[in-house]
Amino acid sequence: MESNLYLYNTLSRSKEKFEPINPPFAGMYVCGPTVYGDPHLGHARPAITFDLVFRYLLHLGFKVRYVRNITDVGHLVADLDEGEDKIAVKARVEQLEPMEIAQYYADRYFIYMDSLNVKRPSIEPRASGHMIEQILMVQKILEAGYAYEVNGSVYFDVEKYSKTYEYGKLSGRVLEDLMTNTRTLEGQDEKRNAADFALWKKAQPEHIMRWPSPWGDGFPGWHLECSAMSTKYLGEYFDIHGGGMDLLFPHHESEIAQCQAAIGHESVKYWLHNNMVTINGQKMGKSLGNFITLEEFFTGTHAALQQAYSPMTIRFFILQAQYRSTLDFSNEALQAAEKGLKKLMAGYETLGKIPLPLPLPKQGGETSPPTPIGIQATSPPTPLPGGEGRIRDLWMSCYAAMNDDFNSPMVIASLFEGVRIINSAADNKEILTAPELEMLKNIFDIFLFDILGMKNEKGGDNQDVLDGLMQLVLSIRQKSRETKDWGTSDQIRDALQKLKITVKDGKEGSSWGIE
RNA sequence: GGUUUCGUGGCCGAGUGGUUAGGCAGCGGUCUGCAAAACCGUCCACAGCGGUUCGACUCCGCUCGAAACCUCCA
């Protein structure tokens, strides 16, 4: 299968042509959330970024298997510094079974990702469900001689690995620096080298998340689950591995080493990394305590928020930046996104109302053709400069943008150009041919909705009811306007405005929208 | 200190060796019962200093500044 898709491979620090290993199949693994807290804006970035990748690959016709894990074990807690599991700590504090915590937050994650219109991946494996695979992988690494066991824990031997392979090739680290600069952690004395990392960690008696293993009761190391699960579901060599830039080191670097050691070769062809969301120039993150949860965004209940922002506003805000750029949060930027999105959606709605130009008169029974609504005989509409070519250019530029490392901001700019053309046509300043209208509609359907994954939030589930109701109200108001009963007309408009419904009066009647 | 990356107009954010990104905000106009929307026009830019070049915001170097990672974190 041919595509002209180029993506930025962190491994080579350059854009590479996407050539899947087994076309038409494409495999993608993305590091998912650790389910011990409510999803926040930081979680939305990678989810939406790789949703965009997923959607575009699907659009191009690839048969995509997209795997995104749920981390429900592992991960040490820094502030306690005792090597305890994040989820376990939370469980103890809240007097719950650890899996209750994980289940609760996993469910929350799914709900909020759904609201952001993030497609569910093909497989969402949980680390806790893949203990056997992880233990087997540790054994393979041990057999290959790149790991050693100490007191019921198993560590990866980075120094030995580096004699044959390059630990640091993804992140650009130099081993010597790592050996001298790595912070001293608990259990450090067990390690042969400061740069070594745990594959399996012995569970202390008070540790409530534990599994049996050949080395005694314990839990898997921080990087193991992704290697084990990506191998299981995507094979020993697959196309794309994604995640946040903050995971580059040590997480992804260690994944490479684990797979190389266990399998004998690298497992990932393209490494993709999304950048961070910042707040006041600083990373928005759990550990910094400056994050805003998605629930808070949707309800507006956070001191830093001037108002509530809808899921689609958040999604659009994120897609307005290229995924490898940092994205700075501010109310001003979010409000700009909200307005821009509204304009885009209104443009699409307008597009549906532009009447098709007249078909050529049929031979035979012709009467004088009716004047189409929206085209005034007095001021002949000027043909579109460049004719159909201009719409086709728009179409092509959307593909060009997506093919250039998923440049969603460029796609959005093209869509705005489309809106400008649509509005001009609706204003009788330009005329669109039937093929042009068709093509414009396709551009929006494909790029705005299918690929960027935007959806209309206007009326939710009761759209039909709302539409009918509004039609009724506006027709009543129209009657009062025709008799120049401005009092009644304005009364209706003001009342609707209080319900956050904006009425716009145009030449062909009134339209409405919800703020 | 090391690694990686970045510094674009009032705000957010693309892109490029010589041509308008786009959105939001501002200003002027058209339209309109009013309002909103829309349309047209318009203002505001590429951190600083050198170098390469006919020409750099775009390439190279330096300086200054910022961020992420080096400890779990999307």
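Atom set for the values below is all heavy atoms of this structure, side chains included, hydrogens, waters and symmetry mates excluded. Chain naming here is simple, since letters A, B, ... match the order of the sequence lines and numbering starts at 1 in each.
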Q | Residue met sooner reading RNA chain B from 5', once A/Asn407 and A/Leu247 are mapped to nucleotides | A |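 Counting from the 5' end, the first nearest nucleotide belongs to A/Asn407.
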Q: Sugar-phosphate means primed atoms, P, OP1 and OP2; the rest is base. With that split, encode nucleotides 16-28 of chain B 5' to 3' as B, S or - using protein heavy atoms under 4.0 Å.
A: -----BSBSS---
Rounded [atom1] spacing from [N] to [M] in Å:
N	M	atom1	answer
B/A47	B/C12	P	15 Å
B/G48	B/U58	P	10 Å
B/A45	B/G10	P	7 Å
B/A56	B/U8	C1'	14 Å
B/G22	B/G29	C1'	23 Å

Q.
I need the minimum non-hydrogen distance between A/Ser171 and A/Arg173, along with the two atoms involved.
A.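 Closest pair (atom of A/Ser171, atom of A/Arg173, distance): OG-CG, 2.9 Å.
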Base of [N], side chain of [X] - is there a donor-acceptor contact under 3.5 Å?
X	N	value
A/Asp490	B/G33	yes
A/Arg420	B/C39	no
A/Arg493	B/A35	yes

Q. Under a 4.5 Å cut-off applied to non-hydrogen side-chain atoms, are A/Leu341 and A/Met312 in contact?
A.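 The answer is yes, as the side chains (C-beta and beyond) meet within the 4.5 Å cut-off.
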**Q.** Integer-rounded Å distance: B/C69 P and A/Leu170 CG
**A.**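 After rounding, the reported distance stands at 15 Å.
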Q: Would you mind reading off the distance between A/His251 atom NE2 and B/C73 atom P, rounded to a whole angstrom?
A: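 From A/His251 NE2 to B/C73 P: 7 Å.
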Q) Donor-acceptor pair, A/Glu296 side chain versus A/Thr293 backbone, under 3.5 Å? A)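 A pair under 3.5 Å: yes.
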List, with names and distances, any nitrogen or oxygen atoms from the protein found under 3.5 Å away from nitrogen or oxygen atoms belonging to nucleotides 44-46 of chain B.
none

Q. So what does A/Met276 hit on the nucleic acid, given a heavy-atom distance under 4.0 Å: a base, only sugar-phosphate, or nothing?
A.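 If one applies the 4.0 Å heavy-atom cut-off, A/Met276 turns out to touch a base.
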Q) Using a cut-off of less than 4.0 Å, is there contact between a side-chain N or O of A/Ser489 and OP1 or OP2 of B/G33? A)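 No.
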Q: Would you please enumerate the stems RNA chain B participates in, each stem being three or more consecutive Watson-Crick or G-U wobble pairs with both distances under 3.5 Å?
A: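 Stem list for RNA chain B: B:1-7 with B:64-70, B:10-12 with B:22-24, B:26-30 with B:38-42, B:47-51 with B:59-63.
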